[in-house]
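Before any comments, here is the structure.
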Amino acid sequence: MDVTEAVKKRKSIRGYRPDPVPKEVLQQILDLARRAPSAMNTQPWEFTVLTGDVLENVRRSNVELLNSGAPPNPEHVVMDWPRESIYRQRQVDLAKQLFQLMDIPREDKEKRAKWMERGFRYFDAPAVVIISVDRCLSESGPLIDIGAVIQTICLMALHFGLGTCIEDQGVTYPEVLRKYAHIPDSKRIIMAIAIGYPDWDFPANKVETEREPTKNLATWLGFN
Ligand SMILES: Cc1cc2nc3c(=O)[nH]c(=O)nc-3n(C[C@H](O)[C@H](O)[C@H](O)COP(=O)(O)O)c2cc1C
């Protein structure tokens, strides 16, 4: 798959087939993704790859904490979207589209809660990559590098017929990952990537997110 096709094809996958992803495939994806650029080639990323019983324990425990009302405890910098901003509007547009595809009426609290749970279960993906960085690095400094490696993982996954969903929901309760994935306190847990073979019949996978036209984003200077 060429780069243009991969960039166009990548989308967040929120429903997976149960087929396991071979370890060798995940290994190849990470081998390629570590070619991502980083500031001064510092390569701040660390990967913990979960499947099988370990992943099941993490899913179960995430959902238990969510349903018990445990306060979120993320270790990555949490974004805040001003209520009246275009950023908040885009978030609302995405949620509306997903709820429509999943047939979740706005007022149906139970269905909404079940949908939320899916995120905390990594959308039942057969594998998950957790990205962490050493705490000796600053909180926000490595995040640009982490973004580069995450996108590279998602693009390389396509090459192997896999889909992905980058997820901060999946790292809301780092204590769960410390317990079952043995990620030590010395590592800041930044992001999760659900990974697996897409179930193209799953309604949410039909989501078509929009993008702002380039003309509204780019300023061109010095051109004739
Ligand atoms: C940093 C980051 C965190 C995200 N967290 C979640 C998440 O917790 N749950 C989810 O369903 N999607 C999550 N996403 C996926 C975005 O919603 C998605 O990338 C965006 O809507 C654009 O859609 P696309 O990926 O299909 O192109 C996240 C994406 C990024 C980059």
Side-chain angles (χ1 to χ4, degrees), residues 1 3-16 33 36 44-45 47 50 55 58-59 62-63 65-66 72-81 85-102 104 111-125 127-133 139-158 162-174 176-177 188-196 198-200 202-214 217:
M1 186 181 293
V3 185
T4 309
E5 194 187 352
V7 169
K8 282 186 178 166
K9 272 202 168 159
R10 191 217 53 81
K11 67 186 295 189
S12 295
I13 296 299
R14 298 181 176 88
Y16 295 87
W45 41 71
F47 310 116
L50 311 179
L55 181 52
V58 171
R59 287 194 230 277
N62 273 346
V63 170
L65 281 176
L66 175 71
N73 192 21
E75 297 179 347
H76 59 285
V77 178
V78 177
M79 288 281 281
D80 202 12
W81 298 279
S85 69
I86 181 69
Y87 311 106
R88 171 76 182 151
Q89 188 53 50
R90 288 177 185 146
Q91 190 191 11
V92 170
D93 291 346
L94 172 68
K96 275 189 187 159
Q97 207 192 136
L98 286 171
F99 284 177
Q100 196 172 23
L101 285 165
M102 294 301 299
I104 303 175
K111 274 193 171 177
R112 286 173 71 135
K114 286 282 167 219
W115 175 250
M116 176 78 97
E117 271 186 19
R118 283 188 63 78
F120 284 73
R121 290 204 318 265
Y122 310 96
F123 303 105
D124 294 332
V128 170
V129 179
I130 304 293
I131 317 248
S132 56
V133 303
E139 196 177 350
S140 55
L143 293 185
I144 295 172
D145 319 48
I146 295 300
V149 84
I150 286 178
Q151 171 76 340
T152 313
I153 290 173
C154 294
L155 294 179
M156 287 323 308
L158 289 173
L162 291 158
T164 52
C165 188
I166 306 162
E167 265 201 83
D168 49 19
Q169 279 177 311
V171 294
T172 303
Y173 298 118
V176 171
L177 293 161
R188 192 188 306 282
I189 297 174
I190 307 287
M191 201 54 60
I193 309 177
I195 183 160
D199 173 358
W200 290 114
F202 189 77
N205 288 344
K206 302 205 166 38
V207 68
E208 296 285 349
T209 52
E210 292 187 3
R211 295 295 188 272
E212 194 69 18
T214 311
L217 304 173

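Worth saying up front: this structure is predicted, and the values here are computed from it rather than measured. Counting starts at 1 for both ligands and their atoms, in listed order.
- Judged by distance alone, with hydrogens and angles left aside, the side-chain atoms of Asp124 form no donor-acceptor pair with the main-chain N or O of Tyr16 at under 3.5 Å.
- A donor-acceptor pair under 3.5 Å is absent between the side-chain atoms of Asp168 and the main chain of Ala192, judged by distance alone.
- The existence of a salt bridge linking Glu5 and Lys8 is excluded, since no basic side-chain nitrogen approaches an acidic carboxylate oxygen closer than 4.0 Å.
- Contact shell of ligand 1 (protein heavy atoms, cutoff 4.0 Å): Arg10, Lys11, Ser12, Arg14, Leu94, Phe123, Cys165, Ile166, Glu167, Asp168, Gln169, Met191, Thr209, Arg211.
- Checked by atom type and distance alone, the side chain of Asn62 pairs as donor or acceptor with a backbone atom of Phe120 at under 3.5 Å.
- With Lys11 contributing its side chain and Glu208 its backbone, the two residues share no donor-acceptor pair below 3.5 Å.
- Checked by atom type, the side-chain pair Gln97/Asp93 shows no donor-acceptor distance below 3.5 Å.
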